[in-house]
There are 2 protein chains.
Amino acid sequence: MDKVAASTARPVTAPLTERQEARRRRILHASAQLASRGGFDAVQMREVAESSQVALGTLYRYFPSKIHLLVATMQDQLERMHGTLRKKPPEGDTAAERVAETLMRAFRALQREPHLADAMVRALTFADRSVSPEVDQVSRQTTLIILDAMGQENPTPEQLSAVRVIEHTWHSALITWLSGRASIAQVKIDIETVCRLIDLTAPPQE
Amino acid sequence: MDKVAASTARPVTAPLTERQEARRRRILHASAQLASRGGFDAVQMREVAESSQVALGTLYRYFPSKIHLLVATMQDQLERMHGTLRKKPPEGDTAAERVAETLMRAFRALQREPHLADAMVRALTFADRSVSPEVDQVSRQTTLIILDAMGQENPTPEQLSAVRVIEHTWHSALITWLSGRASIAQVKIDIETVCRLIDLTAPPQE
DNA sequence: ATCAAGTCTGTAACTTGTTCTACATTAGCG
DNA sequence: CGCTAATGTAGAACAAGTTACAGACTTGAT
């Protein structure tokens, strides 16, 4: 009588044993490490397996594709970044300024590891339907970071729309930067431009 | 003495003979055809070569990678679309409305061949630096379409920024739709939201 | 402690993008 | 016309993602 509501299948994912958790961690670490070196192409499944002391088949059991692996790597890094960003909240006067400031801070972090950024962002936008849940998770996390920066408890639907558009711009601007089609300065402008949308959407000052 | 300024290397690309032009066309056609069936994965270089009656090596001479091929396919389709869109200019009162209307029209066209859209957009965002010139060309063409829709001869720098952000949103929104993470309705909202940026940037009524 | 079920490992095979090679064809030119 | 360089062809070979499989190791329940 202890089945709590196993609606679809897994309770998100079977709880991992300690060793399994350690393996998972080693894999993600190896992935980030290789990505930092040479970007997307340098993350080769055989190498990841070797670096993390795991058989290739096991790697695929943990992450069913290279894209899954890199998206998971991004989740991991994003959480880390969210933690870092939280520590020093942005100081702008308007919500738009604060969001822009936060995104620029994140952008500078990415610039420190451009290859890693390349691997993660390319994987994210290349992901097909089979990775939707994971990509969605990344998206939610990003939304959280932006809402945090806005500093508003209950955003209006309009503001949420603005946040969606900001995320779109953020991802796409990153891509143009990574592929060398836009400068850092240009990305900054794009971010600042789109952030104006936030102030457009009448902030419910109460 | 007739060297006109062959600065780097090619005068863009050596002029193609008739047969070469025909080959190129066959290849692009086969590419679009295969893409329409099964999207990115269905465009297999061997199949494209066979369908277009060209040796694999030749295919690679014309398009140095699958990504190049698909981006070229997109260029081709975009030109077609621009022609179509030109015929019936959008009817909205404001520039923002007209741009949104135009993009939604393009979106509906993509919906008719979702697999083709998948192949083209995935290639576009996955492209690395080696494809920058071609991707840039696509970007310029898109900008043109949007400026056309705005119906303004000389846009302000601010408006150009808005256009950049609109393009970012357009690409990213397409991706979320293609990967099943956003509905058609949601894409519509995102487009409409970002288009408001145009009206923000004081239109120089003269 | 023992057994069954589930995990891992090592390794080979398969797929598809990409490169290479040896030979045939074509195009432009004297 | 006849030559030469460029282009095209067929097919093998290679690289990296992915899958398959046989045998060892863990784990959890009894």
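Every chain is numbered from 1 and lettered A, B, ... according to where its sequence line falls, protein lines coming before strand lines.
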Please list all pairs meeting ring pair (Phe, Tyr, Trp, His ring centres under 6.0 Å) that have one or both residues in residues 57-85 of chain A, counting only residues at least two apart or in different chains.
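Ring pair (Phe, Tyr, Trp, His ring centres under 6.0 Å) check on residues 57-85 of chain A returns no pairs.
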
Under the ring pair (Phe, Tyr, Trp, His ring centres under 6.0 Å) definition, can you give me all pairs with a residue in residues 106-137 of chain B, not counting sequence neighbours?
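Passing the test, one end in residues 106-137 of chain B: A/Phe40-B/Phe126, A/Phe126-B/Phe126, B/Phe107-B/Trp177.
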
Starting from [atom2] on [N], measure out to [atom1] on [X] and report it in whole angstrom.
X: B/Arg26; N: D/dG8; atom1: CZ; atom2: C1'; result: 11 Å
X: B/His68; N: C/dT19; atom1: NE2; atom2: P; result: 11 Å
X: A/Leu59; N: D/dA20; atom1: CG; atom2: P; result: 16 Å
X: A/Glu50; N: C/dT9; atom1: CD; atom2: P; result: 13 Å
X: B/Ile27; N: D/dT9; atom1: CD1; atom2: C1'; result: 13 Å
X: B/Arg61; N: D/dA10; atom1: CZ; atom2: P; result: 15 Å

By side chain to side chain donor-acceptor pair (under 3.5 Å) - contacts of B/Ser130 (at least two apart)
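Testing B/Ser130 for side chain to side chain donor-acceptor pair (under 3.5 Å), a comparison that skips the adjacent residues, returns B/Asp128.
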
Using the test side chain to side chain donor-acceptor pair (under 3.5 Å), find all partners of A/Thr143 that sit at least two apart in sequence or belong to another chain.
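Here the qualifying residues are A/Glu167.
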
Going by number, which of residues 123-137 of chain B have a non-hydrogen atom under 4.0 Å from DNA chain C?
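None - not one residue of the stretch has a heavy atom sitting under 4.0 Å from the strand.
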
Apply side-chain contact (heavy atoms from CB on, under 4.5 Å) to B/Ser36 and list each qualifying residue two or more places apart in sequence or on a separate chain.
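Partners of B/Ser36 by the side-chain contact (heavy atoms from CB on, under 4.5 Å) criterion, ordered by chain and then number, come out as B/Glu113, B/Leu116.
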
Any pair counted as salt bridge (Lys or Arg N to Asp or Glu O under 4.0 Å), so long as it reaches residues 142-155 of chain A, sequence neighbours left out
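Checked against salt bridge (Lys or Arg N to Asp or Glu O under 4.0 Å) - neighbours excluded - the pairs reaching residues 142-155 of chain A are A/Arg86-A/Asp148.
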
With sequence neighbours left out, write down each residue that passes salt bridge (charged side-chain N to carboxylate O under 4.0 Å, His left out) with [X], or none if nothing qualifies.
X: A/Asp136; answer: B/Arg181
X: A/Arg140; answer: none
X: A/Glu97; answer: none

Would the distance check show the side chain of A/Ser132 and the main-chain N or O of A/Arg129 forming a donor-acceptor pair, the cut-off being under 3.5 Å?
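Side chain of A/Ser132 to backbone of A/Arg129: a pair is present.
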
Among D/dT7, C/dC8, D/dA10, which is the nearest nucleotide to the side chain of A/Thr58?
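Of D/dT7, C/dC8, D/dA10, C/dC8 is nearest to the side chain of A/Thr58.
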
Within the structure shown, what part of the strands sits under 4.0 Å from B/Tyr62 by heavy-atom distance: base, sugar-phosphate, or nothing?
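Sugar-phosphate contact only - B/Tyr62 comes under 4.0 Å of backbone atoms but never of a base.
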
Does B/Gln53 put a side-chain nitrogen or oxygen below 4.0 Å from OP1 or OP2 of D/dT9?
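For D/dT9, OP1/OP2 do not have a side-chain N/O of B/Gln53 under 4.0 Å.
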
Letter per nucleotide, 5' to 3', of nucleotides 25-30 of chain C [B base touched, S only sugar-phosphate touched, - untouched; heavy atoms, 4.0 Å]
--S---

Check B/Arg25 with B/Asp76, please: is the shortest side-chain N to carboxylate O separation under 4.0 Å?
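Yes, B/Asp76 and B/Arg25 are salt-bridged.
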
Sort me out a list of protein N/O and nucleotides 12-19 of chain D N/O pairs below 3.5 Å, or just none if empty.
residue, atom, partner, partner atom, Å
D/dA16, OP1, A/Gln44, NE2, 3.1
D/dA16, N7, A/Arg46, NH2, 3.4
D/dG17, OP1, A/Val43, O, 3.3
D/dG17, OP1, A/Lys66, NZ, 2.9
D/dG17, OP2, A/Met45, N, 3.0
D/dG17, N7, A/Arg46, NH2, 2.5
D/dG17, O6, A/Arg46, NH2, 2.8
D/dT18, OP2, A/Tyr60, OH, 3.0
D/dT18, OP2, A/Lys66, N, 2.9
D/dT18, O5', A/Tyr60, OH, 3.4
D/dT18, O4, A/Arg46, NH1, 3.2

